[in-house]
Number of protein chains: 2
Amino acid sequence: MAFDKTRSAGFLANHMARLFAKGLQQNIKPLGLAPAQFMTLLALWEEDGLTQRQLVERLDVEQATMANTLTRMERDRLIERRAHPEDGRSQSIHLTPKAVALREPATSAALAVNGVALGDLSEEERLVFLDLTRRVIDALKQRY
Amino acid sequence: MAFDKTRSAGFLANHMARLFAKGLQQNIKPLGLAPAQFMTLLALWEEDGLTQRQLVERLDVEQATMANTLTRMERDRLIERRAHPEDGRSQSIHLTPKAVALREPATSAALAVNGVALGDLSEEERLVFLDLTRRVIDALKQRY
DNA sequence: AGCAGTTGCATAGCAAGCTATCCAATGATA
DNA sequence: TATCATTGGATAGCTTGCTATGCAACTGCT
């Protein structure tokens with residue numbers, strides 16, 4: 001029993017993330033959104049007109065991943081890619097009215113999932129959980 | 001700022017799981033393993049000859065996901081599917097000598113990733129982290 | 001001005017998730 | 001016993017990740 005999966009942080013992290021994604025997907029699918037699209041919208045709702053590179057930095061995903069997600073969002077009429085006025089290589093990503101209108105219902109749906117997830121934790125435990133998770137992320141980011 | 005991603009458990013969970021997977025992948029790729037294959041091997045190292053359904057239960061993934069992972073593992077000569085003696089529908093999954101031999105190096109590699117991830121936490125914080133994570137998983141599993 | 005290096009994106013190809021279906025084998029029951 | 005429901009797997013199709021490449025546009029230097 002050298003490796004008990006219920007004691008492996010990596011195993012648990014994977015399991016937890018899949019459950020979060022599943023819950024989020026259920027909640028936002030009626031809005032016509034997929035999880036990665038929602039994450040991208042979070043950044044654009046805060047600041048519209050970002051470039052693809054800026055989105056990559058804010059969400060910490062690979063550039064190729066973001067390019068594909070943006071292509072699907074464009075297909076679904078959530079964003080438009082416009083030529084960047086100052087740099088011929090890049091484009092600025094702009095929300096459509098449809099995407100702007102989704103902000104309220106989508107964030108509510110996502111908050112509901114977080115609420116369920118943390119439902120059995122006290123207020124203090126929630127803070128501890130978020131803090132520890134952030135520290136684990138930081139440790140992993142330094143090495144990988 | 002209704003939704004700060006550094007305060008969203010779901011966002012952090014996704015980010016953390018991706019970093020874990022990235023670290024694990026780096027560490028076990030030289031062994032010819034991919035992350036999901038490793039997770040499956042964890043179950044089979046503990047008990048060889050499980051059916052696909054049993055693996056699905058132990059890893060809590062969908063049946064279709066497991067079927068595809070097993071197909072890749074068969075392709076990579078890590079497992080063999082054998083006809084089940086008592087149930088014509090199912091098969092029992094058996095490790096090859098190659099997969100048996102990978103147990104030591106692969107678990108070491110995975111433990112190293114967990115070590116890095118939890119490197120900045122005290123012993124007590126690690127226990128708290130694992131406990132809280134398990135409770136979040138339980139809460140999510142009940143609803144989704 | 002011209003070349004070299006850097007940077008921003010796109011694309012190909014693969015792994016691992018998921019949902020939805022379908023088929024064959026079992027089981028239960030009228 | 002014959003039919004119907006359940007169960008174990010396979011397959012199709014999609015999203016989201018990743019790495020590896022390639023190309024075009026920009027920057028810096030000489």
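So that the names make sense, note that chain A is the first sequence line, chain B the second, and so on, each numbered from 1.
A heavy-atom distance below 4.0 Å to DNA chain C is reached by these residues of residues 76-95 of chain A, ordered by number: A/Arg81, A/Arg89, A/Ser90, A/Gln91.
One finds no salt bridge joining B/Asp76 and B/Lys98 here, because no Lys/Arg side-chain nitrogen approaches an Asp/Glu carboxylate oxygen to under 4.0 Å. A salt bridge does not link A/Arg58 to A/Glu46: none of the charged nitrogens lies less than 4.0 Å from a carboxylate oxygen.
We find that CG of A/Leu50 is positioned 16 Å from C1' of C/dC9, with the value rounded to whole Å. In this structure, B/Leu24 places its CG atom 13 Å from C1' of C/dA15, rounding to the nearest Å. To the nearest angstrom, C1' of C/dG17 lies 16 Å from CG of B/Leu140. Per the geometry, CD belonging to B/Glu74 stands 11 Å off P belonging to D/dT11, to the nearest Å. Between the P atom of C/dA16 and the CG atom of B/Leu70 lies a distance of 11 Å, rounded to the nearest Å. Residue B/Arg75 contributes atom CZ, which lies 9 Å from atom P of C/dC14 at whole-angstrom precision. One can place CE of B/Met66 at 16 Å from P of C/dA15, the figure rounded to the nearest angstrom.
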Problem - Test log, rule salt bridge (charged side-chain N to carboxylate O under 4.0 Å, His left out), inputs A/Asp60 and B/Arg18 - result: CA-CA 10 Å; A/Asp60 199 26; B/Arg18 284 190 288 113; 5.3 Å; no

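For the atom pair CZ of B/Arg134 and CG of B/Asp138, the computed distance is 9.0 Å after rounding to the nearest 0.5 Å.
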Please enumerate all protein N or O atoms sitting under 3.5 Å from an N or O of nucleotides 16-19 of chain D, with distances to 0.1 Å.
residue: D/dT16; atom: OP1; partner: A/Ala36; partner atom: N; Å: 3.0
residue: D/dT16; atom: OP2; partner: A/Arg72; partner atom: NE; Å: 3.0
residue: D/dT16; atom: OP2; partner: A/Arg72; partner atom: NH2; Å: 3.3
residue: D/dG17; atom: OP1; partner: B/Asn14; partner atom: ND2; Å: 3.2
residue: D/dC18; atom: OP1; partner: B/Arg18; partner atom: NH1; Å: 3.4
residue: D/dC18; atom: OP2; partner: A/Glu62; partner atom: N; Å: 2.9
residue: D/dC18; atom: OP2; partner: A/Thr65; partner atom: OG1; Å: 2.9

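A donor-acceptor pair under 3.5 Å is absent between the side-chain atoms of B/Thr51 and the main chain of B/Gln91, judged by distance alone.
Among the atoms of the strands shown, none is found under 4.0 Å from any heavy atom of B/Thr71.
The shortest heavy-atom contact between A/Ala117 and B/Ala139 is O-CB, 3.6 Å.
Under the side chain to side chain contact (heavy atoms under 4.5 Å, CB included) rule, A/Lys22 has a single partner from B/Lys141, B/Arg143, B/Glu62, which is B/Glu62.
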